[in-house]
Peer 1: 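Shown below is the structure under consideration.
Proteins come first, then strands; the chains are lettered A, B, ... in the order of their sequence lines, and each starts at number 1. All values derive from a computational prediction rather than experimental measurement.
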2 protein chains.
Amino acid sequence: MSRDDGTSDQGVRETASIPVGGLSHRVPDLGALELLLAVARLGSLGRAAREVGITQPAASSRIRSMERQLGVALVDRSPTGSRLTDAGALVTDWARRVVEAAEAFDAGAQALRDRRDSRLRVAASMTIAEYLLPGWLLALRAQRPDTAVSLIAGNSTVVAERVLSGEADLGFVEGVSVPSGLDSVVIAHDRLIVVTAPGHAWARRRRALDAGELAGAPLILREEGSGTRQVLDAALGGLARPLIELSSTTAVKASAASGAGPAVLSELALGEELSARRLVEIPVEGVRLSRDLRAVWPVGHRPTGPARDLLTLTRS
Amino acid sequence: MSRDDGTSDQGVRETASIPVGGLSHRVPDLGALELLLAVARLGSLGRAAREVGITQPAASSRIRSMERQLGVALVDRSPTGSRLTDAGALVTDWARRVVEAAEAFDAGAQALRDRRDSRLRVAASMTIAEYLLPGWLLALRAQRPDTAVSLIAGNSTVVAERVLSGEADLGFVEGVSVPSGLDSVVIAHDRLIVVTAPGHAWARRRRALDAGELAGAPLILREEGSGTRQVLDAALGGLARPLIELSSTTAVKASAASGAGPAVLSELALGEELSARRLVEIPVEGVRLSRDLRAVWPVGHRPTGPARDLLTLTRS
DNA sequence: CCCGACTCATAAGCCCACCTTATGTCCTCA
DNA sequence: TGAGGACATAAGGTGGGCTTATGAGTCGGG
């Protein structure tokens, strides 16, 4: 009420950086987005309200304030029910992606929480824990809703220790060699790929890059010591030449997308950027940039119960 | 409208609702996630607080309550600053994806808001508006922070009308033929792909599917009338055999991922599912499942100014 | 023809989550 | 050893969002 959003922002003085003036003031909260999805699915404010556990007037008001916030009518109300407007359908689709990301967050966080006494204890490398595990956990939850999962993240050594000591029922590691004392199965392949902004010269090449070209070109990279960097250095024989070194995958992606140069990243980190063409993949040949992702367990003790379910989920 | 969602939607019970007891009670709100990202980046609660426009005690309390909610310590506080714990690093990465989705939501919503008088008015097909445009707008905002964009979404006919009448400065359409009176350039290719759960028999095939096999197999599909369905029917000569018909792309993905059968979807909708191997692509040959995505403008009036900037962004 | 069941909207009041200001404690560095 | 930064704690205000209670429009059937 007191905050009428006029044409442009009310004085947000903020720091120098260009973007971000408080996302949370312009984007409805997760509860509201969930409610919107429920309305889309159920065709009625009242039923949607019941589904998310609030009363009908609360839902009505919440949708209305969301419409005010966005400046767009989202639903057509009628005495027979509510349907999304065209704009509403679009907004709902965007909302769905936020909610899906939140679900992945939740799945991961929930596993992280119950360090102890969970029915299924998983140890995983950072990359796997970060990018793959939340999705697996969502799938597992769909099959076995009552399975509590706990997660320990660390490097291969840590994972091996936990699995061997029985602190974890199942482990996931990346890398070529399997720690001794463990049986394993390959569940996927992680591949480092070279990407550039669509406008970069390399994006118009016909030929694939060869090892020499890749090693000779200045690249946007994660800092030395990161897993990604290690794989790349190993593949090139320690020759990778950094144009910039950044400390987060996101920073590398943003930098490459803005045209600063070619970057090398795990394909796991690049789902949307590639399909939306914010970045394009540059073929490379003659360089071994892929490594296996493996599930591991103590020799002879094939996973059973929930661990076996999870393993099944992850395998092709 | 080539859209749907809703008409006889009421009957679709979706997947048997899994758990969901209110995501928003288990996931911190967007403001808290933004704050966490700021802490990760700046290494200090106080500086992070300043960046997001709150006071240091507010930030302290907010992070603390987030840790209580998640049951995990996220940051190591010290008199010299704050660093993420291991768990915190993981949570921050998951949080980043939520925030990124929210940024895309915001970019889209902002364009949707200013129907009138914006400096750059874009008309786009539903698919493009849904999946590609938010990303482009984020990129555009990075280059030209002060460009206000408005968006009209509709089918090819609507887009053509708006562009020809001057109500839109630039249009984006999908499909083979370009409406007359418009010049165009291909900016990307949308491809329908066949996907299954990793455990499905097709996922172990060696050979690519041929048209006959695809036409003969019962598929999980969007309902008749949807854009996706039209392209598929055209490619197969109207022969697509539905195993289930669902009214949203998400429902189709979920159903396929749970192993119900093979599905056919636009690759734009499948970024993360593929890289996380929740779904795997089944190669197909002998069927034309791709269509061009084109930018369009009135014959002879090449885009200038912000429209040209946007166009440049979208092209390889 | 009107009653019951459904839809959504409005009004009034409560409550808690979150913010702010004002302090205190600990550490580091010059 | 004192200045300055970083975080924690305490007390107080405010508003957003919830609830209950009610009203109004539409549909369909006895």
Side-chain angles (χ1 to χ4, degrees), chain A residues 1-5 10-13 22-36 38-70 73-85 88, chain B residues 6-11 21-36 38-70 73-85 88:
Chain A
M1 295 302 191
S2 54
R3 264 183 207 295
D4 67 337
D5 44 24
Q10 70 268 42
V12 181
R13 30 247 146 345
L23 200 53
S24 51
H25 297 148
R26 294 193 308 267
V27 178
D29 62 59
L30 285 170
L33 298 182
E34 278 189 286
L35 176 62
L36 180 61
V39 170
R41 184 152 39 81
L42 300 172
S44 149
L45 290 189
R47 260 180 293 170
R50 235 168 295 134
E51 176 165 286
V52 305
I54 60 177
T55 58
Q56 173 265 319
S60 181
S61 130
R62 201 136 186 198
I63 294 283
R64 184 168 299 285
S65 76
M66 184 159 40
E67 288 177 317
R68 236 186 341 195
Q69 185 178 21
L70 301 178
L74 299 174
V75 303
D76 271 337
R77 290 113 166 130
S78 86
T80 75
S82 294
R83 285 206 37 177
L84 294 177
T85 61
Chain B
T7 17
S8 55
D9 207 355
Q10 346 280 69
L23 199 54
S24 48
H25 298 142
R26 295 192 309 268
V27 178
D29 62 62
L30 285 170
L33 299 182
E34 279 188 286
L35 176 62
L36 179 62
V39 171
R41 186 153 35 82
L42 300 174
S44 149
L45 290 189
R47 259 178 293 168
R50 233 168 297 132
E51 176 166 285
V52 306
I54 61 179
T55 59
Q56 172 267 319
S60 179
S61 131
R62 201 140 183 188
I63 294 282
R64 184 169 299 283
S65 74
M66 185 158 43
E67 289 178 316
R68 226 172 337 135
Q69 184 179 22
L70 300 178
L74 299 174
V75 304
D76 270 337
R77 291 117 168 124
S78 87
T80 74
S82 294
R83 288 210 38 196
L84 294 178
T85 62

Peer 1: What is the separation between atom CG on D76(A) and atom P on dA9(C), rounded to the nearest whole Å?
Peer 2: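 It is 11 Å, rounded to the nearest whole Å.
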Peer 1: Have a look at D29(B) and say if it touches a base, only the backbone sugar-phosphate, or nothing, with a 4.0 Å heavy-atom cut-off.
Peer 2: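 Touches sugar-phosphate only.
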Peer 1: Looking for any heavy atom pair under 4.0 Å, which part of the strands does S61(A) touch: base, sugar-phosphate only, or nothing?
Peer 2: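 No contact.
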Peer 1: Atom CG in L36(B), atom CE in M66(B): separation rounded to 0.5 Å?
Peer 2: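 Answer for the CG-CE pair, L36(B) versus M66(B), is 4.5 Å.
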Peer 1: Could you check how far NE2 of H25(A) sits from P of dG15(D), rounded to whole Å?
Peer 2: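 Atom NE2 in H25(A) sits about 14 Å away from atom P in dG15(D).
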Peer 1: May I ask you to decide if V75(A)'s main-chain N or O and E67(A)'s side chain share a donor-acceptor pair within less than 3.5 Å?
Peer 2: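 Between the backbone of V75(A) and the side chain of E67(A) there is a qualifying donor-acceptor contact (under 3.5 Å).
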Peer 1: At less than 4.0 Å, is any side-chain N or O atom of R62(A) found next to OP1 or OP2 of dC18(D)? Yes or no.
Peer 2: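 It does, given that an N or O in the side chain of R62(A) lies less than 4.0 Å from OP1 or OP2 of dC18(D).
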Peer 1: Quick one: R64(A) CZ to dG17(D) P, roughly how many Å, whole number?
Peer 2: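 Between P of dG17(D) and CZ of R64(A): 14 Å.
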Peer 1: What is the distance, rounded to the nearest whole Å, between atom CZ of R50(A) and atom C1' of dT19(D)?
Peer 2: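 Interatomic distance, CZ of R50(A) to C1' of dT19(D): 16 Å.
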Peer 1: Any side-chain N or O of T80(A) under 4.0 Å from OP1/OP2 of dC27(D)?
Peer 2: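 The answer is no; no side-chain N or O of T80(A) sits under 4.0 Å from OP1 or OP2.
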Peer 1: If you measure from the Lys or Arg side-chain nitrogens to the Asp or Glu carboxylate oxygens, is any gap between E34(A) and R26(B) under 4.0 Å?
Peer 2: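 Answer for the salt bridge query: no.
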Peer 1: Is the distance from OP1 or OP2 of dC26(C) to the nearest side-chain N or O of S78(B) less than 4.0 Å?
Peer 2: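 No.
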Peer 1: Atom CD1 of I54(B) to atom C1' of dA17(C): distance rounded to whole Å?
Peer 2: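 Spelled out: CD1 on I54(B) to C1' on dA17(C) is 13 Å.
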Peer 1: Would you find a donor on one side and an acceptor on the other, under 3.5 Å apart, between the side chain of T85(B) and the backbone of D76(B)?
Peer 2: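 A pair under 3.5 Å: no.
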Peer 1: Could you tell me whether the side chain of R83(B) and the main chain of G81(B) form a donor-acceptor pair under 3.5 Å?
Peer 2: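 The answer is no, because no donor-acceptor pair under 3.5 Å joins these two groups.
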Peer 1: Does the dA6(D) base have a donor-acceptor partner in the side chain of Q56(B) within less than 3.5 Å?
Peer 2: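 Check fails, no donor-acceptor contact within cut-off.
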Peer 1: Considering only dC18(D), dG17(D), dA21(D), which nucleotide approaches the side chain of S65(A) most closely?
Peer 2: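 In terms of side-chain proximity for S65(A), the closest of dC18(D), dG17(D), dA21(D) is dG17(D).
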Peer 1: Describe the nucleic acid contact of T55(B) in one word from base, sugar-phosphate, nothing, applying a heavy-atom distance below 4.0 Å.
Peer 2: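 Answer is base: heavy atoms of T55(B) come under 4.0 Å of a base.
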Peer 1: Would you indicate what S82(B) reaches in the nucleic acid, counting non-hydrogen atoms under 4.0 angstrom: base, sugar-phosphate, or nothing?
Peer 2: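 Here S82(B) touches the backbone only, sparing every base.
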Peer 1: Which one, dA9(C), dA22(C), dT26(D), comes nearest to the side chain of P79(A)?
Peer 2: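 Within the option list, the nearest is dT26(D).
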Peer 1: Nearest whole Å is fine: how far is dG16(D) C1' from I63(A) CD1?
Peer 2: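 Distance check: I63(A) CD1 to dG16(D) C1' gives 16 Å.
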Peer 1: Please state how far atom CG in L42(B) lies from atom C1' in dG5(D), giving the value in whole angstrom units.
Peer 2: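 In whole Å, dG5(D) C1' and L42(B) CG are 15 Å from each other.
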Peer 1: Find the distance L45(B):CG to dT25(C):P and express it as a whole number of Å.
Peer 2: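 In whole Å, dT25(C) P and L45(B) CG are 20 Å from each other.
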Peer 1: Tell me which nucleotide among dT7(C), dA6(D), dA9(C) gets nearest to the side chain of P57(A).
Peer 2: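 Of all the options, the side chain of P57(A) is nearest to dA9(C).
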Peer 1: In terms of side-chain heavy atoms of R77(B), which of dA9(C), dA8(D), dT19(D) is nearest?
Peer 2: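 For the R77(B) side chain, the nearest candidate turns out to be dA8(D).
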